[in-house]
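Notes follow the structure.
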Amino acid sequence: MATGCPADDGTDAMDDGADDAADGSGDDDDDDDDDDDSATDDGGVEASVFWHEDIAPIVVSRCAGCHRAGGIAPYSFETYENTRPLAEAIVAAVDSGAMPPWGQDETDECQPKLGFKHDLRLSDDDKDLLATWAAEGAAEGDPALAADIPAPPSLELEDADQRLVIPSPVTIDGDKDQFLCFSLDPELTEDAFLSAVQVNAGNEKIVHHVLIYSDPEGASAELADENGFFECSGGSISGELVGAWAPGALPNRMPEGTGMPIPAGARLVMNVHYHPTGLSSETDDSTSIDVNWHDERPDLVAQLSLAGNATGDELLPGPNDDAGKEFMIPAGAKGHTEEMRIVIPEEYPVVNIYSVGTHMHYLGVDMMIGVERANGNSECLIQTPHYSFEWQRGYEYDADLDEVPRVQGGDVLTLRCTYDNTMDNPGVVEALEDLGLDEPIDVYLGEETLDEMCLAVFGISYLNLF
């Protein structure tokens with residue numbers, strides 16, 4: 001699971017700047033032409049930080065993958081003219097952790113031994129440059145002195161072996177999100193192994209995120225209507241999760257020497273979350289999956305493995321379990337936690353964990369995943385204290401397979417999920433609005449809009465016995 005950016009979350013901090021841009025109050029209200037290349041701010045103080053020389057490489061390389069013309073995120077940051085009115089709002093969003101969309105962080109509780117690939121976070125120096133630029137009036141500088149802007153990594157699977165396109169167009173309107181599952185036939189006549197997968201959004205205005213599942217028996221063909229799709233929830237269907245995508249995502253390549261097994265005759269199901277614009281009808285007629293297949297049987301199997309959502313012995317007593325142990329977040333609870341200890345069966349082989357992700361719904365604000373090994377060693381794998389349902393992604397360790405964390409039978413996975421079930425949580429407000437409610441309700445484990453989850457998503461590899 002690779003890099004992604006949110007469709008509509010984390011942008012509240014920019015609303016004031018957007019309003020200024022819309023009504024013209026982003027103008028400096030002096031007698032100078034706003035397009036003048038003056039090196040002074042509105043108070044006449046000489047500026048030291050400029051768009052072309054200092055800020056464009058930061059904003060364009062880190063933000064414009066989503067914040068661009070035609071992209072799913074609001075506001076385009078591709079040009080000085082578009083970005084200047086939002087300078088202070090961008091600083092506020094960065095300072096709060098709302099942007100860029102990266103939920104993982106190092107904390108006193110969790111210091112992962114390895115870093116993660118494609119880290120979107122800004123350095124302290126970059127944050128200082130943004131703050132100074134905004135404080136000085138967001139000067140443009142000299143285009144002739146523009147710094148090089150790093151080319152963003154390609155979002156295309158350029159060497160794809162096969163492309164599977166949705167079988168018919170869909171039109172999305174109204175104001176309610178829709179989840180549609182498309183049954184796609186890769187026409188496999190023999191067992192195969194996926195080495196890479198990438199989703200290509202047909203209409204970025206409405207394609208919010210995508211999950212891809214294998215369908216070993218091809219049962220989805222019977223569920224689909226004459227247009228090749230059926231309504232489905234945002235959760236899983238029967239079959240293994242083989243990929244996930246959000247806007248801005250890089251191709252999901254399995255580690256070298258690994259592959260995901262797909263049996264002969266299987267289909268792939270593309271679960272698409274459509275988010276309407278609320279302004280007009282939009283049609284998607286070309287969302288597709290690009291895939292690469294191994295030419296030969298790989299030595300290691302790659303797999304996305306899920307752990308959590310426990311209700312039995314693995315679920316620990318919670319702080320608000322007044323009626324006995326249960327997975328329940330009371331209305332009005334802030335900082336509520338659900339914890340789980342999941343013992344890996346003894347027969348489980350040694351596996352490499354090459355990526356890890358956290359999954360909750362709208363109430364979730366923080367999640368931590370660790371492992372307590374049978375040999376007495378413990379390790380925190382990840383914490384996402386800036387978690388947002390809109391930002392879901394996997395975090396791939398920046399290391400070779402022989403360096404990544406390993407687990408085996410007898411080890412214990414530890415999960416702690418923290419929730420905010422109050423109107424202070426924008427996710428709660430959004431979920432309640434979707435259901436026509438105006439105050440929090442008790443929330444339980446489940447797959448619906450205002451149910452909750454506490455789920456770890458692991459990218460693992462192990463010896464290929466298929």
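For clarity, every value in this text was computed on a predicted model and none was experimentally measured. The chain is numbered in sequence order, starting from 1. The figures here come from the full heavy-atom set of this structure, side chains too, leaving out hydrogens, waters and symmetry mates.
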Problem set entry | Derivation and outcome, side chain to side chain donor-acceptor pair (under 3.5 Å), residues S48 and E136 | CA-CA 8 Å; S48 60; E136 292 177 346; 2.7 Å; yes
Exercise. Given the rule in the side-chain contact (heavy atoms from CB on, under 4.5 Å) test, do M367 and L415 qualify, once you have shown the distances and angles that lead to the verdict?
Worked result: CA-CA 7 Å; M367 183 171 176; L415 281 61; 3.9 Å; yes
Exercise. Can you check side-chain contact (heavy atoms from CB on, under 4.5 Å) on Y75 and L86, steps first, answer last?
Worked result: CA-CA 9 Å; Y75 322 125; L86 294 167; 3.7 Å; yes
Problem set entry | Worked verdict on L250 versus L155 for side-chain contact (heavy atoms from CB on, under 4.5 Å) | CA-CA 5 Å; L250 299 174; L155 302 184; 3.6 Å; yes
Exercise. Passes side-chain contact (heavy atoms from CB on, under 4.5 Å), I353 versus R406? Steps please.
Worked result: CA-CA 6 Å; I353 299 178; R406 290 190 172 99; over 6 Å; no
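For the residue pair D142 / H52, no side-chain donor-acceptor distance below 3.5 Å is found, with atom types taken as modelled. Between the side chains of D105 and H386, at least one donor-acceptor pair of N or O atoms lies under 3.5 Å. No side-chain donor-acceptor contact under 3.5 Å links N292 and S195. In the model, Q383 has a side-chain atom that pairs as donor or acceptor with a side-chain atom of T107 under 3.5 Å. A donor and an acceptor atom, one from each side chain of D284 and T287, are located under 3.5 Å apart. Under 3.5 Å, the side chains of T384 and T358 contain a donor-acceptor pair of N or O atoms. D290 and Q198 are not linked by any side-chain donor-acceptor pair at a separation below 3.5 angstrom, with hydrogens and angles left out of the test. No hydrogens or angles considered: a donor-acceptor pair under 3.5 Å links the side chains of H336 and N320. Using modelled atom types and a 3.5 Å distance limit, the side chains of D125 and S123 yield no donor-acceptor pair.
The aromatic rings of F182 and F229 sit tilted relative to each other, their planes meeting at an angle between 30° and 60°. Ring planes of F389 and Y362: tilted class, angle from 30 to 60°. Taking the six-membered ring where tryptophan is involved, the planes of H208 and H275 are tilted, since the angle between them lies from 30° to 60°.
Here the CZ-OH distance, from F458 to Y354, works out to 12.5 Å after rounding to the nearest 0.5 Å. Atom CD1 of I289 and atom CZ of R163 lie 11.0 Å apart (nearest 0.5 Å). The distance from atom CD1 of I55 to atom OG1 of T132, rounded to the nearest 0.5 Å, is 8.0 Å. Rounding to the nearest 0.5 Å gives a distance of 5.0 Å between CG of N203 and CD of E282. Distance check, rounded to the nearest 0.5 Å: CG of L304 to OH of Y213 gives 10.0 Å. In this structure, CG in L194 is found 10.5 Å from OG1 in T258, a value given to the nearest 0.5 Å.
Under 4.0 Å is where a charged nitrogen must lie from a carboxylate oxygen, and between D95 and K127 no such pair does. E106 has a carboxylate O that lies under 4.0 Å from a charged side-chain N of R121, or vice versa, which qualifies the two as a salt bridge. At a threshold of 4.0 Å, the pair E372-R341 counts as salt-bridged, since one of the basic side-chain nitrogens sits closer than that to a carboxylate oxygen. Classification of R373 and E379 as a salt-bridged pair holds, one side-chain N sitting under 4.0 Å from a carboxylate O. Salt bridge absent: K117 and D398 never bring a charged side-chain N and a carboxylate O closer than 4.0 Å. A salt bridge is absent between K176 and E433: the closest approach of a Lys/Arg side-chain nitrogen to an acidic carboxylate oxygen does not fall below 4.0 angstrom.
Between F327 and A310, the shortest heavy-atom contact is CD1-O, 4.2 Å. The minimum heavy-atom distance between P276 and D177, with the atom names listed, is CD-OD1, 3.5 Å. Closest of all the heavy-atom pairs between I212 and V199 is CD1-CG2, 3.7 Å. Closest heavy-atom contact between V197 and G243: CG1-CA, 4.5 Å. In plain terms, the two heavy atoms of T171 and S281 that are nearest each other are CG2-CB, 4.0 Å.
With contacts defined as side-chain heavy-atom distances shorter than 4.5 Å, the pair Y444/E452 does not qualify. S378 places none of its side-chain heavy atoms less than 4.5 Å from the side chain of V371. With a 4.5 Å cut-off on side-chain heavy atoms, V428 and L363 count as touching. Side-chain contact between V170 and Q178 is absent, with no heavy-atom pair separated by less than 4.5 Å. Residues Y274 and L180 have side chains in contact (heavy-atom distance under 4.5 Å, counting atoms from C-beta outward). By the 4.5 Å heavy-atom criterion applied to side chains, M423 and L432 are counted as neighbours. At least one side-chain heavy atom of I344 sits less than 4.5 Å from a side-chain heavy atom of L413. Using a 4.5 Å heavy-atom cutoff, the side chains of F179 and E231 are not in contact.
With hydrogens and angles ignored, the 3.5 Å screen pairs a side-chain donor or acceptor of D54 with a backbone N or O of F50. When atom types are taken as modelled, the side chain of D451 and the backbone of L445 share no donor-acceptor pair closer than 3.5 angstrom. Under the 3.5 Å distance criterion, the side-chain polar atoms of W133 are left unmatched by any main-chain donor or acceptor of A87.
Annotation for Q111: atom CD counts as buried by contact number, over 12 foreign heavy atoms lying within 6.0 Å. Surrounding CD of E256 are at most 12 heavy atoms belonging to other residues, nucleotides or ligands under 6.0 Å away. Applying the 6.0 Å contact sphere to CG of D148 captures no more than 12 heavy atoms from other residues, nucleotides or ligands.
Each of V351, V242, I460 was checked for a side-chain contact (heavy atoms from CB on, under 4.5 Å) with Q303, and the lone residue meeting it is I460.
The aromatic ring centres of F116 and Y397 sit less than 6.0 Å apart.
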